[in-house]
Amino acid sequence: MAKASNKVNTTSLQQILNRQVANLNVLYVKLHNFHWYVKGEQFFTLHVKFEELYDDVTLKMDEVAERLLSIKGSPVATMKEYLEMATIQEATGKEDARGMVQSLIEDFATVSEELVEGIELAEEGSDQPTADLFIKIRSDLEKQQWMLRSFIG
């Protein structure tokens, strides 16, 4: 009976990992959009920050996808799949600088909250490497949220 439960947990954990592969890919594209289209007094600050963030998201995306592969899962790998599976939205193209920052705060909060479910599920299934990965990502995203909230006051 315990094996069946672990299999369900593995399947669910794979779904959670895939959702985050999708979210991180949507974030990657969104951050590029913001990097290219930010305007105004904060251009120089935000242009550099958005590049820093998309570089960081790239590493996180790869770590999550490779973790999924290491537990015999299959990461989603097309834009269509990312958009269908992600729980965050693409950039609208209408955001001003403040709206860009606010959107990222909300996206990072969404992903952080979803990672809690993944952490709990990984720990229940004795998958410490996945739990550790999610804890690290969550910690990083929460720090970025704090910095972005401080930026907009």
Side-chain angles (χ1 to χ4, degrees), residues 1-37 46 49-95 98-152:
M1 191 70 144
K3 283 190 177 188
S5 177
N6 284 342
K7 183 169 175 43
V8 170
N9 285 346
T10 301
T11 301
S12 298
L13 193 54
Q14 288 180 9
Q15 291 167 344
I16 291 169
L17 282 157
N18 248 329
R19 183 184 329 133
Q20 297 318 317
V21 169
N23 279 337
L24 292 167
N25 274 284
V26 171
L27 267 172
Y28 176 79
V29 173
K30 182 184 254 184
L31 284 159
H32 270 88
N33 177 296
F34 291 173
H35 173 75
W36 294 327
Y37 291 107
L46 289 176
K49 184 62 175 179
F50 294 152
E51 182 175 2
E52 172 193 318
L53 289 172
Y54 70 65
D55 286 344
D56 185 57
V57 164
T58 301
L59 297 173
K60 286 175 172 42
M61 170 209 329
D62 194 52
E63 287 179 304
V64 173
E66 289 179 351
R67 181 65 195 151
L68 185 53
L69 287 163
S70 70
I71 62 169
K72 300 181 177 136
S74 299
V76 292
T78 67
M79 293 304 296
K80 181 179 179 187
E81 290 172 309
Y82 301 150
L83 292 171
E84 287 173 354
M85 207 170 220
T87 53
I88 60 172
Q89 301 297 309
E90 294 181 281
T92 65
K94 298 176 184 175
E95 298 90 352
R98 184 178 183 85
M100 290 174 178
V101 173
Q102 186 60 45
S103 177
L104 292 175
I105 292 167
E106 293 167 10
D107 290 345
F108 291 171
T110 297
V111 172
S112 293
E113 290 167 17
E114 291 176 1
L115 290 172
V116 172
E117 177 188 7
I119 293 163
E120 291 170 356
L121 197 56
E123 288 175 343
E124 287 171 17
S126 299
D127 182 350
Q128 201 60 46
T130 300
D132 289 349
L133 175 61
F134 282 168
I135 289 166
K136 174 67 173 124
I137 293 170
R138 182 174 176 227
S139 175
D140 291 348
L141 292 177
E142 287 176 349
K143 182 177 181 181
Q144 289 300 334
Q145 287 175 73
W146 159 64
M147 291 181 173
L148 292 170
R149 282 192 309 268
S150 295
F151 178 81
I152 61 173

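FYI, the numbering just counts along the sequence from 1. No hydrogens, no waters, no symmetry mates; every other heavy atom, side chains included, goes into these values.
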With [X] via salt bridge (Lys or Arg N to Asp or Glu O under 4.0 Å) - residues at least two apart:
| X | value |
| --- | --- |
| Lys49 | Glu52 |
| Asp140 | Lys60, Lys136 |
| Glu63 | none |
| Glu117 | Arg19 |

What is the minimum heavy-atom distance between [X] and [Y], and which atoms define it?
| X | Y | value |
| --- | --- | --- |
| Ala109 | Gln145 | CB-OE1, 3.4 Å |
| Ala131 | Ala122 | N-CB, 3.6 Å |
| Ser74 | Asn18 | O-ND2, 3.0 Å |
| Tyr82 | Ala77 | OH-CA, 3.4 Å |

What I want to find out is whether Asp127 reaches Arg67 closely enough, with some N-O distance under 4.0 Å, to be called a salt bridge. yes
Once side-chain contact (heavy atoms from CB on, under 4.5 Å) is applied, do any residues pair with Lys72, and if so which ones, sequence neighbours excluded? none
I'd like to check the side-chain contact (heavy atoms from CB on, under 4.5 Å) partners of Thr92; sequence neighbours left out, ordered by chain and number. Lys94, Glu95
In this structure, are over 12 heavy atoms from other groups packed under 6.0 Å from [X] atom [atom1]?
| X | atom1 | answer |
| --- | --- | --- |
| Tyr37 | OH | no |
| Glu51 | CD | yes |
| Arg98 | CZ | no |

Spacing of [atom1] belonging to [X] relative to [atom2] belonging to [Y], to within rounding of 0.5 Å:
| X | Y | atom1 | atom2 | answer |
| --- | --- | --- | --- | --- |
| Thr130 | Leu13 | OG1 | CG | 5.0 Å |
| Glu113 | Leu141 | CD | CG | 11.5 Å |
| Asp56 | Gln144 | CG | CD | 6.5 Å |
| Thr78 | Met85 | OG1 | CE | 10.0 Å |

Sequence-distant partners of [X], side-chain hydrogen bond (donor to acceptor under 3.5 Å, both in side chains), two or more places apart:
| X | answer |
| --- | --- |
| Gln102 | Glu106 |
| Lys143 | none |
| Arg138 | Glu142 |
| Asp132 | Gln128 |

Run Ile137 and Val64 through side chain to side chain contact (heavy atoms under 4.5 Å, CB included) and show every step you take. CA-CA 10 Å; Ile137 293 170; Val64 173; 3.6 Å; yes
Indicate yes or no: at least one non-hydrogen side-chain atom of Leu104 is less than 4.5 angstrom from one of Phe34.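 Result yes, sub-4.5 Å side-chain heavy-atom pair found.
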For a 4.5 angstrom cut-off between non-hydrogen side-chain atoms, does Leu148 reach Ile152? no
Output a table of donor-acceptor pairs, distance under 3.5 Å, between side-chain atoms of residues 21-32 and any protein atom two or more places apart or on a different chain; print 'none' if there are none.
| from | atom 1 | to | atom 2 | distance (Å) |
| --- | --- | --- | --- | --- |
| Asn23 | OD1 | Thr87 | N | 2.8 |
| Asn23 | OD1 | Thr87 | OG1 | 3.4 |
| Asn23 | OD1 | Ile88 | N | 3.3 |
| Asn23 | ND2 | Gln20 | OE1 | 3.2 |
| Asn23 | ND2 | Thr87 | OG1 | 3.1 |
| Asn23 | ND2 | Glu114 | OE1 | 3.1 |
| Asn25 | ND2 | Val21 | O | 2.8 |
| Lys30 | NZ | Gln89 | O | 2.8 |
| Lys30 | NZ | Ser103 | OG | 2.9 |
| Lys30 | NZ | Asp107 | OD2 | 2.5 |
| His32 | ND1 | Tyr28 | O | 3.1 |

Applying ring-ring contact (aromatic ring centres under 6.0 Å, His included), which residue pairs with at least one partner in residues 101-148 are found, sequence neighbours left out?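 Sorted result for residues 101-148: empty, none.
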Ile135 and Leu115: side chain to side chain contact (heavy atoms under 4.5 Å, CB included), yes or no, with the steps? CA-CA 8 Å; Ile135 289 166; Leu115 290 172; over 6 Å; no
